[in-house]
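One structure below.
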Amino acid sequence: MALRIFPEDELVLDLLADMSGQVTESVRLLSELIGSPQTDTATLDAIRECEARSTDLYFSVMTTVRSTFVIPIPRQDVYVLGHWLNKAAEELLAVAEAHVAHGLGRPPAYATDQLGVVVRMSELTTRAMRDLSNLQGLDDYWYEMLRLGKQAERIHQLHMVHVLEHHKAVPALRRQQTAHRFAEVARALVRVSTEVGRIVVAES
């Protein structure tokens, strides 16, 4: 093993964890939004702020990567992780904005189930970002995210069936589009875990 003359700067991992934290907060706010019987513009604005903070953090990640001599993981991996974390925040905002714009009202239980899965995924991801410095326990993280990703896909398919069975064409299309964007949140977080798995294999 090569001797490191310069210590690693783990700020970039803290920034990635903070990006994941914005996803967790956005999911919490989205839960409030879709559970409210009335349009809540204040909650929507709060979700917008989470997405904006995620973008700012992503910029800080890339600035840190360019200005730090030694970081715990390769620079290109940091870029990919930040991209998918930011993508998750963007998709959550898209769900919230569509929900308010179309006045969709309270969704079926499938949406609540999906929220629960995404919350768990984002919490695991936040912890994993900080563990990238030593790669400990990340095999378990990757496996659990794989399982949760499959669960999210099953819930999404059941949600689609429910929408088609209980709504006419135009309302069904609106709800389907919103549900598809929400499914993309889980897929983005799975992509984060896939990249972590690749890093673990490469660094083994």
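Remember, predicted model here, so these are calculated numbers, not experimental data.
The line from CD of Q151 to NE2 of H156 is 14.5 Å long, rounded to the nearest 0.5 Å. Rounded to the nearest 0.5 Å, atoms OG1 (T126) and CG (D131) are 11.0 Å apart. Here the CD atom belonging to Q114 is positioned 13.0 Å from the OG atom belonging to S31, to the nearest 0.5 angstrom. Taking CZ from R191 and NZ from K87, the interatomic distance works out to 10.5 Å, rounded to the nearest 0.5 Å. For the atom pair L30 CG and L92 CG, the distance stands at 6.5 Å (nearest 0.5 Å). In this structure, T112 OG1 and H159 NE2 are separated by 9.0 Å, a value rounded to the nearest 0.5 Å.
Under the 4.5 Å side-chain heavy-atom criterion for ILVMFWY residues, a single connected hydrophobic cluster contains both Y79 and V65. Each of Y143 and L138 belongs to its own hydrophobic cluster when Ile, Leu, Val, Met, Phe, Trp and Tyr are linked at side-chain heavy-atom distances under 4.5 angstrom. Hydrophobic clustering (ILVMFWY, side-chain heavy atoms < 4.5 Å, transitive): V95 and V163 are in distinct clusters. Clustering ILVMFWY residues whenever any of their side-chain heavy atoms sit less than 4.5 angstrom apart, transitively, puts L132 in the very cluster that holds L11. Under a hydrophobic-cluster definition in which Ile, Leu, Val, Met, Phe, Trp and Tyr are linked whenever side-chain heavy atoms come within less than 4.5 Å, directly or via other members, L13 and W142 are assigned to different clusters.
Every pair passing salt bridge (Lys or Arg N to Asp or Glu O under 4.0 Å) that includes a residue from residues 18-31 is listed here, sequence neighbours excluded: D18-R130, E25-R28, R28-E32. Judged as a ring pair (Phe, Tyr, Trp, His ring centres under 6.0 Å), not a single pair has a partner in residues 45-68 (not counting sequence neighbours).
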In sequence, state the C-alpha distance, the side-chain angles, and the governing distance for M129 and V192, and then conclude on side chain to side chain contact (heavy atoms under 4.5 Å, CB included).
-> CA-CA 10 Å; M129 293 303 97; V192 172; 3.8 Å; yes
Evaluate side chain to side chain contact (heavy atoms under 4.5 Å, CB included) for M145 paired with T194, printing each intermediate quantity in order.
-> CA-CA 9 Å; M145 289 291 287; T194 300; over 6 Å; no
Could you go step by step and tell me if R154 and Q157 meet the side chain to side chain contact (heavy atoms under 4.5 Å, CB included) rule?
-> CA-CA 5 Å; R154 287 194 296 271; Q157 293 304 318; 5.9 Å; no
Verify side chain to side chain contact (heavy atoms under 4.5 Å, CB included) between L148 and L124, making sure each step is shown before the conclusion.
-> CA-CA 11 Å; L148 289 170; L124 289 171; 3.7 Å; yes
Would you check, one step at a time, whether the test salt bridge (charged side-chain N to carboxylate O under 4.0 Å, His left out) holds for E184 with R181?
-> CA-CA 5 Å; E184 288 301 319; R181 299 302 291 267; over 6 Å; no
Should R127 and E123 be marked as a salt bridge (charged side-chain N to carboxylate O under 4.0 Å, His left out) after you check the CA-CA gap, both sets of side-chain angles, and the distance that decides it?
-> CA-CA 7 Å; R127 189 180 311 147; E123 290 172 345; over 6 Å; no
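Under the ring pair (Phe, Tyr, Trp, His ring centres under 6.0 Å) criterion, H162 pairs with Y110, H166, sequence neighbours left out. Every residue two or more places apart in sequence or in another chain that forms a side-chain contact (heavy atoms from CB on, under 4.5 Å) with E49 is listed here: R53. Considering only residues two or more places apart in sequence or on other chains, V100 meets the side-chain contact (heavy atoms from CB on, under 4.5 Å) condition with L33, T39, L44. Evaluation of the side-chain contact (heavy atoms from CB on, under 4.5 Å) rule for E195 yields D77, V80, L81, R198, I199 as partners, not counting sequence neighbours.
When side chains are defined from C-beta on, L16 counts as touching M19, because their heavy atoms get closer than 4.5 Å. Looking at E153 and R187, their side chains come closer than 4.5 Å, going by heavy atoms from C-beta outward. Two residues are said to be in side-chain contact when any heavy atoms from C-beta on lie closer than 4.5 Å; E97 and I47 fail this criterion. Counting heavy atoms from C-beta on, the side chains of V23 and T125 never come closer than 4.5 Å. For the pair F182/L115, a side-chain contact is recorded, criterion being any heavy-atom separation below 4.5 Å from C-beta on. When side chains are defined from C-beta on, M160 counts as touching H180, because their heavy atoms get closer than 4.5 Å.
A donor-acceptor contact shorter than 3.5 Å links the side chain of S122 to the backbone of V118.
The nearest pair of heavy atoms linking A46 to L29 is CB-CD1, 3.7 Å. Heavy-atom minimum distance, A88 versus V185: O-CG2, 3.9 Å.
Residues T55 and E51 bring a donor and an acceptor atom of their side chains to less than 3.5 Å of each other.
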